[in-house]
Amino acid sequence: MSKNIIFSIWSDLTEEHTSVNDYKKKSFQIYKNKLIELQKKYAYYCKADYEIFKPKSTDYANVQFDKIFKLEELCKYYDNVVYFDLDVIPNTRYNIFNSFNFDNICVYEYPIDTADEMARTISTRIKNGAPISAMNRYSKVCAKNAMLLINDIAGNENIVNTGVVCGNAKSINNLKFSDRMNEMNKTLNIAMKDNLYPDEISKAWIKNNEVYFLYLLERYKIKFNNIGIQWNYILDDLVSKPTAAAHLIHQVNKDFHVTISRLN
């Protein structure tokens with residue numbers, strides 16, 4: 001029988017960051033134990049171990065890399081490894097370990113419509129000389145594609161969300177994420193100075209695990225499984241209502257009361 005694990009990470013983030021404002025911190029404080037309980041319950045249903053790890057860093061950006069490094073570590077001891085952000089709420093009786101071939105890394109990839117309202121908002125900010133947050137999804141696509149262009153590769157308009165990532169030793173080692181960190185850092189630094197985008201976008205770029213993740217997939221043509229929206233249903237400023245059709249609800253907006261109240 002395969003030895004499987006679902007894990008998450010948690011840190012009481014002390015550094016200021018747009019993704020961890022006071023509302024989100026308070027919401028986590030209220031619902032942290034309930035979120036762990038729900039993830040642990042789902043792991044038990046999947047006959048998998050469950051662990052929550054504390055990263056060394058309290059900086060948001062670095063913590064997001066720690067989860068990828070922990071994937072690499074755990075695949076040495078487990079046949080199959082699944083990572084959930086702590087704001088991922090299971091809403092299913094489907095076993096994720098039986099749903100995908102973990103020989104290919106599993107992650108949710110989706111397109112960013114550059115003509116949608118978000119992109120028009122960016123256009124307005126650029127006209128006004130206002131900087132664009134590096135956490136903006138369109139900005140992430142731009143950063144990823146600028147990195148690819150340094151290698152003479154034309155990227156697509158897609159991005160990944162690493163709130164849910166699955167794999168095994170074969171697929172995780174194929175990504176070589178930690179081994180390629182220096183390469184990615186250097187490529188980003190070059191791309192920040194040599195790119196086709198306005199300064200209002202490029203000057204805000206920072207190291208980002210999702211930008212780097214998809215850069216590797218496209219740069220090295222790594223096969224992966226797109227787990228689809230049903231396995232990473234993101235609730236944020238664009239979509240705020242949960243759906244029973246989603247297996248995993250990713251509460252990016254941290255309005256946990258909305259989703260958890262429907263589960264009880």
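These numbers come from the heavy atoms of this one structure, side chains and all, not from hydrogens, waters or symmetry mates.
Put simply, CD on Q251 and OH on Y31 are 9.5 Å apart, with the number rounded to the nearest 0.5 Å. Annotation: the span from D194 atom CG to L149 atom CG amounts to 9.0 Å, rounded to 0.5 Å. Interatomic distance, M184 CE to N182 CG, rounded to the nearest 0.5 Å: 9.0 Å. Rounded to the nearest 0.5 angstrom, K207 NZ and N62 CG are separated by 6.0 Å. Atom-to-atom distance recorded for C142:SG and E157:CD is 7.5 Å, nearest 0.5 angstrom. Between N80 atom CG and C106 atom SG the span is 9.0 Å, to the nearest 0.5 Å.
Under the 4.5 Å side-chain contact rule for hydrophobic residues, I30 and I36 share a cluster. Under the 4.5 Å side-chain heavy-atom criterion for ILVMFWY residues, no single connected hydrophobic cluster contains both Y44 and L74. Hydrophobic clustering keeps M181 apart from I190 (ILVMFWY residues linked when any side-chain heavy atoms are closer than 4.5 Å, directly or through intermediates). Linking ILVMFWY side-chain heavy atoms closer than 4.5 Å, directly or via other members, places I150 and I206 in two distinct hydrophobic clusters. Side-chain heavy atoms closer than 4.5 Å link hydrophobic residues (I, L, V, M, F, W, Y) into clusters, and following such links, possibly through other members, connects Y45 to V81.
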- Task: Go through Q64 and N208 one step at a time and tell me if the side-chain contact (heavy atoms from CB on, under 4.5 Å) criterion holds.
- Result: CA-CA 8 Å; Q64 300 307 307; N208 180 273; over 6 Å; no
- Item | Steps toward side-chain contact (heavy atoms from CB on, under 4.5 Å) verdict (I234, Y108) | CA-CA 10 Å; I234 299 169; Y108 176 38; 4.2 Å; yes
- Passes side-chain contact (heavy atoms from CB on, under 4.5 Å), I105 versus L217? Steps please. CA-CA 10 Å; I105 202 82; L217 294 180; 4.0 Å; yes
- side-chain contact (heavy atoms from CB on, under 4.5 Å) assessment of I89 paired with L35: CA-CA 7 Å; I89 302 173; L35 294 167; 3.8 Å; yes
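A salt bridge between K34 and E37 is present, with a side-chain N of the basic residue lying under 4.0 Å from a carboxylate O of the acidic one. With respect to D85 and K67, a salt bridge is recorded, a charged nitrogen being found less than 4.0 Å from a carboxylate O. Ion pairing between a basic and an acidic side chain is recognised when a charged N comes within 4.0 Å of a carboxylate O; K186 and E183 show no such pairing. The pair E210-K144 does not meet the salt-bridge criterion, since no charged nitrogen lies less than 4.0 angstrom from a carboxylate oxygen.
Taking the six-membered ring for Trp and thresholds of 30 and 60 degrees, Y197 and W205 have ring planes more than 60 degrees apart, a perpendicular arrangement.
Judged purely by atom type and a 3.5 angstrom limit, D255 has no side-chain atom pairing as donor or acceptor with the backbone of V258. Looking at N104, its side chain never comes within 3.5 Å of a backbone N or O of N225 through a donor-acceptor pair. Side chain of N98 to main chain of Y94: no donor-acceptor pair is present (N/O by atom type, distance under 3.5 Å, no hydrogens or angles). A donor-acceptor pair is defined here as one N or O able to donate and one able to accept, closer than 3.5 Å; no such pair exists between the side chain of E72 and the backbone of I172. Looking at D179, its side chain never comes within 3.5 Å of a backbone N or O of K176 through a donor-acceptor pair. Looking only at distances, a side-chain donor or acceptor of D79 sits under 3.5 Å from a matching main-chain atom of K3.
Using a 4.5 Å heavy-atom threshold, the side chains of D87 and K24 count as separate. Side-chain contact check for L188 versus Y215: every heavy-atom pair is 4.5 Å or farther apart. For the pair F213 and F177, the minimum side-chain heavy-atom distance is below 4.5 Å. Contact annotation: the side chain of I159 never approaches that of E109 to less than 4.5 Å [non-hydrogen atoms, C-beta and beyond]. Side-chain contact check for L248 versus I96: some heavy-atom pair is nearer than 4.5 Å. Taking the side chain as every heavy atom from C-beta outward, L86 and Q39 approach each other to under 4.5 Å. Two residues are said to be in side-chain contact when any heavy atoms from C-beta on lie closer than 4.5 Å; V107 and I227 fail this criterion. Under the 4.5 Å side-chain criterion, counting only non-hydrogen atoms from C-beta, L238 is in contact with R137.
In terms of heavy-atom proximity, N173 sits nearest to C75 at OD1-SG, 4.1 Å. Heavy-atom minimum distance, S139 versus A134: OG-CA, 3.9 Å. The two residues D236 and N253 make their nearest non-hydrogen contact at O-ND2, 3.7 Å. Nearest heavy-atom pair, A246 versus Y233, reported as atom, atom and distance to 0.1 Å: CB-CB, 3.5 Å.
Residues W10 and F53 place their aromatic rings such that the two centres sit no closer than 6.0 Å. In summary, the aromatic rings of F97 and F102 are positioned with their centroids under 6.0 Å apart. If you look at F84 and F7, their ring centroids are not closer than 6.0 Å.
Under the rule for a ring pair (Phe, Tyr, Trp, His ring centres under 6.0 Å), the partners of F100 that lie at least two apart in sequence or sit in another chain are W231.
Just one residue in the list N209, N226, L214 forms a side-chain contact (heavy atoms from CB on, under 4.5 Å) with V160, and that residue is L214.
The cationic atom of K254 (NZ for Lys, CZ for Arg) does not lie both less than 6.0 Å from the six-membered ring centre of Y23 and within 45° of the ring axis.
In summary, the side chains of N168 and S171 do present a donor paired with an acceptor at a separation below 3.5 Å, with no hydrogens or angles considered. Checking Y220 against N174 by side-chain atom types alone, no donor-acceptor pair falls below 3.5 Å. The closest side-chain donor-acceptor pair between N185 and Y212 falls under 3.5 angstrom. Looking only at atom types and distance, the side chain of N161 has a donor-acceptor partner in the side chain of N232 under 3.5 Å away.
Heavy atoms of other residues, nucleotides or ligands lying less than 6.0 angstrom from OH of Y50 number more than 12. For CZ of F69, the number of neighbouring non-hydrogen atoms (other residues, nucleotides, ligands) closer than 6.0 Å is greater than 12.
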